[in-house]
Amino acid sequence: MDNIQHLASPSHQPNLEAAREDVHHVEAVLERAHHGGGWLLSGIICINILILGCALVSGSAFNSVAITAVHRQIFLIVLLVLTMLWMLFYTAVTSRMDQAIVFKDSHAGPVWLRGGFLVFGLLSLLMDIFKIATYAGYLHCDSAVKVAFPVVQAVFLIVQDYYFCCCGIEKVLFTSIYLRSKTCYLDNPTCRCGLTLTLSTNLVVWMAAVTEESLHQTEIPDLYVNVSHKMYRANYGDKCKCSHSACDTFKEAFYYLYPFNIEYSLFASALAYVMWKNVGRLVEDHSHPHVKFRPKEVCFGPLTGILLVVAGLATFIMYEVDILTEDEEKRNLALLIHFVMNIVIVSLMSLATVIGCIVYRLDHREHVSEKNPTRSLDVGLLVGSSIGQFIISYFSIVALLATGARGYLNALNLSWALLTVLQLGLQNYFIIEGLNREPFHVMQEAALHTNAHAYTEMSTVIESNRSTYQLTSTKNKLNWKRRILKEVSAFLLLANIILWIMPAFGARPQFDHPTEIKFYKFTMWAAIVNIGLPFGIFYRMHSVASLFEVYLFS
């Protein structure tokens with residue numbers, strides 16, 4: 001804003017009023033565009049695509065005659081192609097806007113978020129490669145659409161990764177301001193509609209992936225024998241056989257990569273939403289504070305968390321192996337170990353969170369007053385996704401209490417459900433409180449700035465040097481409040497990782513333990529689990545990202 005500074009300088013006092021009028025004019029135009037008809041139009045487009053996608057995904061899952069997987073994939077291919085065309089259009093247009101002043105949202109698009117997004121994108125791309133190799137073996141007896149869909153999705157992943165990470169997640173989009181002519185060029189309706197198309201496309205892809213993964217992990221049980229387990233649902237029969245021997249290997253491989261693709265789609269949806277909210281938004285002219293990640297600052301929290309992850313992986317592998325056996329004793333032992341391990345994890349997490357909440361009560365940092373869509377989205381996703389795990393836990397509690405919770409497995413299952421409810425509530429409070437408090441270094445810099453103007457010129461220099469030394473030593477040596485918060489954040493981060501790994505890669509005690517199935521009947525219980533569990537899995541991964549931010553700014 002060099003023109004504003006030039007007009008407001010002492011040598012140009014007659015133009016001061018004109019500069020103020022220019023600024024007010026720009027703010028008024030931006031505000032009208034920010035709340036214009038583009039919001040309504042883009043919202044209508046998003047809702048219609050989501051409802052249509054939900055209907056097609058559900059129909060193809062439960063009706064193999066009228067609506068098949070091929071129809072669903074054709075619809076997804078159309079959405080992916082349209083979204084790619086929009087991204088390429090946006091990239092081409094913004095590359096030609098040389099004179100535009102592009103504002104940036106300093107809270108959006110940190111390096112660690114981009115890194116995680118790219119990792120999930122690469123693993124999703126690997127999943128598409130395995131899918132292509134698998135379905136290519138059935139081309140002689142099945143639809144070519146099943147090969148075309150992963151090809152289009154792989155290209156879409158590459159284009160979307162470039163669009164988000166290279167074009168700038170943090171940009172306040174399509175903002176071009178020319179103060180001298182008192183005009184503001186904002187292509188907001190087009191931009192918003194394109195971003196809602198991106199948002200809804202990723203959500204429909206997420207719904208399709210969740211449905212396919214749920215059908216793969218769920219089989220209708222015979223309660224008089226035992227609950228059966230993981231099998232490939234898309235059986236071609238004897239008429240259609242794979243033309244190469246590696247089909248089964250690729251098939252199993254890409255199903256293990258489904259959790260990463262599911263998380264990637266939700267990540268992309270969240271980023272598209274933030275960009276949609278940032279279209280035409282006025283932001284304050286300050287940069288995001290640069291914070292370095294120093295793993296040496298804490299010790300006990302990461303060490304305990306690593307031990308918990310290792311123990312959880314060991315018990316998870318034992319569970320996956322023993323739960324497939326026909327020996328009922330081994331199956332019950334596997335369930336026992338799994339329940340005990342989860343109870344230990346959520347108990348330690350609840351204890352650590354209580355300690356962190358007590359430190360927050362003793363801490364007098366101010367809450368952040370600035371409104372930001374990124375922070376609001378983080379909180380909304382955290383609370384919203386936790387509802388899925390709350391639903392499963394409360395339904396389990398009702399079923400177990402109604403049946404009397406007889407037997408040690410039922411008692412352990414009930415304890416796990418109750419402790420999970422407690423842990424979710426405490427962790428949500430801890431994370432939201434951490435995200436909404438001013439970072440420690442910001443408070444220190446504010447205090448330093450206040451002290452620097454409180455004395456005479458000589459004492460200001462002395463105090464500034466002394467405060468700079470104190471600030472530096474504070475960064476090198478944490479006080480006890482900061483250390484406890486960092487220890488708690490690091491421990492909770494690692495604990496949430498193991499709680500994400502176990503359900504994401506196939507642990508389904510909800511179907512392996514038959515009490516809830518007998519109480520609610522299989523159809524109702526399967527619907528509850530298959531709807532709530534994907535949100536619970538996303539909650540754990542989103543908690544990891546939020547806890548990492550709490551760790552950095554504690």
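Because the structure is predicted, anything quoted here is derived from the model rather than measured.
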Q) Does the pair Gln160 and Tyr264 meet the rule for a side-chain hydrogen bond (donor to acceptor under 3.5 Å, both in side chains), with working shown? A) CA-CA 11 Å; Gln160 183 166 257; Tyr264 173 84; 3.0 Å; yes
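- Looking only at distances, no side-chain donor or acceptor of Asn413 sits under 3.5 Å from a matching main-chain atom of Leu409.
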Please list every donor-acceptor pair under 3.5 Å in which a side-chain atom of residues 419-426 meets a protein atom from a residue at least two apart or in another chain.
unit_1	atom_1	unit_2	atom_2	d
Thr420	OG1	Trp416	O	2.7
Thr420	OG1	Trp416	NE1	3.4
Gln423	OE1	Arg540	NH1	3.2
Gln423	OE1	Arg540	NH2	3.2
Gln423	NE2	Gln427	OE1	2.9

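- For Phe300, the CZ atom sits in a loose shell: 12 or fewer heavy atoms of surrounding residues, nucleotides or ligands are nearer than 6.0 Å.
- Of the residues Tyr360, Tyr551, Phe491, the one that meets the ring-ring contact (aromatic ring centres under 6.0 Å, His included) test with Phe430 is Tyr360.
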Q: Evaluate the ring pair (Phe, Tyr, Trp, His ring centres under 6.0 Å) criterion for residues Phe316 and Trp500: first the C-alpha distance (whole Å), next the side-chain angles of each, then the deciding distance (0.1 Å), finally the verdict.
A: CA-CA 12 Å; Phe316 170 65; Trp500 172 77; over 10 Å; no
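- The CG atom of Leu56 lies 10.5 Å from the OG1 atom of Thr68; values are rounded to the nearest 0.5 Å.
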Q | Residue pair Thr201, Thr83: steps toward the side-chain hydrogen bond (donor to acceptor under 3.5 Å, both in side chains) verdict | A | CA-CA 7 Å; Thr201 299; Thr83 307; 2.8 Å; yes
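- Residues Lys486 and Leu552 come closest through the heavy atom pair NZ-O, 3.9 Å.
- Under the side chain to side chain contact (heavy atoms under 4.5 Å, CB included) criterion, Thr515 pairs with Leu400, Thr403, Asn410, His513, sequence neighbours left out.
- Scanning for side chain to side chain contact (heavy atoms under 4.5 Å, CB included) contacts around Leu122 gives an empty result, with sequence neighbours left out.
- Remark: side-chain polar atoms of Gln389 are not paired, donor with acceptor, to backbone N or O of Leu533 under 3.5 angstrom.
- Not counting sequence neighbours, the partners of Ile391 by the side chain to side chain contact (heavy atoms under 4.5 Å, CB included) test are Ile387, Phe395, Ile528.
- Looking at Lys146 and Asp142, a side-chain N of the basic residue comes within less than 4.0 Å of a carboxylate O on the acidic one, giving a salt bridge.
- Between the side chain of His542 and the main chain of Asp378, a donor-acceptor pair closer than 3.5 Å is present.
- For the atom pair Ser143 OG and Phe149 CZ, the distance stands at 13.0 Å (nearest 0.5 Å).
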Q: In sequence, state the C-alpha distance, the side-chain angles, and the governing distance for Phe260 and Phe505, and then conclude on ring pair (Phe, Tyr, Trp, His ring centres under 6.0 Å).
A: CA-CA 10 Å; Phe260 300 105; Phe505 289 92; 5.5 Å; yes
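- Annotation: side chain to side chain donor-acceptor pair (under 3.5 Å) contacts involving residues 298-309, sequence neighbours excluded, are absent.
- In terms of modelled atom types and a separation under 3.5 Å, the side chain of Thr325 and the main chain of Val321 share no donor-acceptor contact.
- Using cut-offs of 30° and 60° on the angle between ring planes, the pair Trp86 and Tyr163 is perpendicular.
- Around CZ of Phe519, the count of heavy atoms belonging to other residues, nucleotides or ligands within 6.0 Å exceeds 12.
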Q) Should Tyr539 and Asn496 be marked as a side-chain hydrogen bond (donor to acceptor under 3.5 Å, both in side chains) after you check the CA-CA gap, both sets of side-chain angles, and the distance that decides it? A) CA-CA 9 Å; Tyr539 170 80; Asn496 276 281; 5.7 Å; no
Q: Decide side-chain contact (heavy atoms from CB on, under 4.5 Å) for Trp525 and Phe522; before the verdict, give the C-alpha distance in whole Å, the side-chain angles of both, and the deciding distance to 0.1 Å.
A: CA-CA 5 Å; Trp525 180 240; Phe522 178 80; 5.8 Å; no
Q: Decide side-chain contact (heavy atoms from CB on, under 4.5 Å) for Phe75 and Val204; before the verdict, give the C-alpha distance in whole Å, the side-chain angles of both, and the deciding distance to 0.1 Å.
A: CA-CA 10 Å; Phe75 174 72; Val204 174; 4.1 Å; yes
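- Summarising the local packing, OH of Tyr429 is surrounded by more than 12 heavy atoms from other residues, nucleotides or ligands at distances under 6.0 Å.
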Q) For Phe535 and Trp206, what are the C-alpha separation, side-chain angles and deciding distance, and is it a ring pair (Phe, Tyr, Trp, His ring centres under 6.0 Å)? A) CA-CA 11 Å; Phe535 287 100; Trp206 171 77; 5.4 Å; yes
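- Judged purely by atom type and a 3.5 angstrom limit, His338 has no side-chain atom pairing as donor or acceptor with the backbone of Arg508.
- In terms of modelled atom types and a separation under 3.5 Å, the side chain of Ser386 and the main chain of Val383 share a donor-acceptor contact.
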Can you give me every donor-acceptor pair (side chain of residues 123-131, partner residue at least two apart or in another chain, under 3.5 Å) with its distance?
unit_1	atom_1	unit_2	atom_2	d
Ser124	OG	Phe120	O	2.8
Ser124	OG	Asn261	ND2	3.4
Lys131	NZ	Tyr258	OH	3.0

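- The closest donor-acceptor contact from the side chain of Ser393 to the backbone of Phe390 lies at 3.5 Å or more, if one exists at all.
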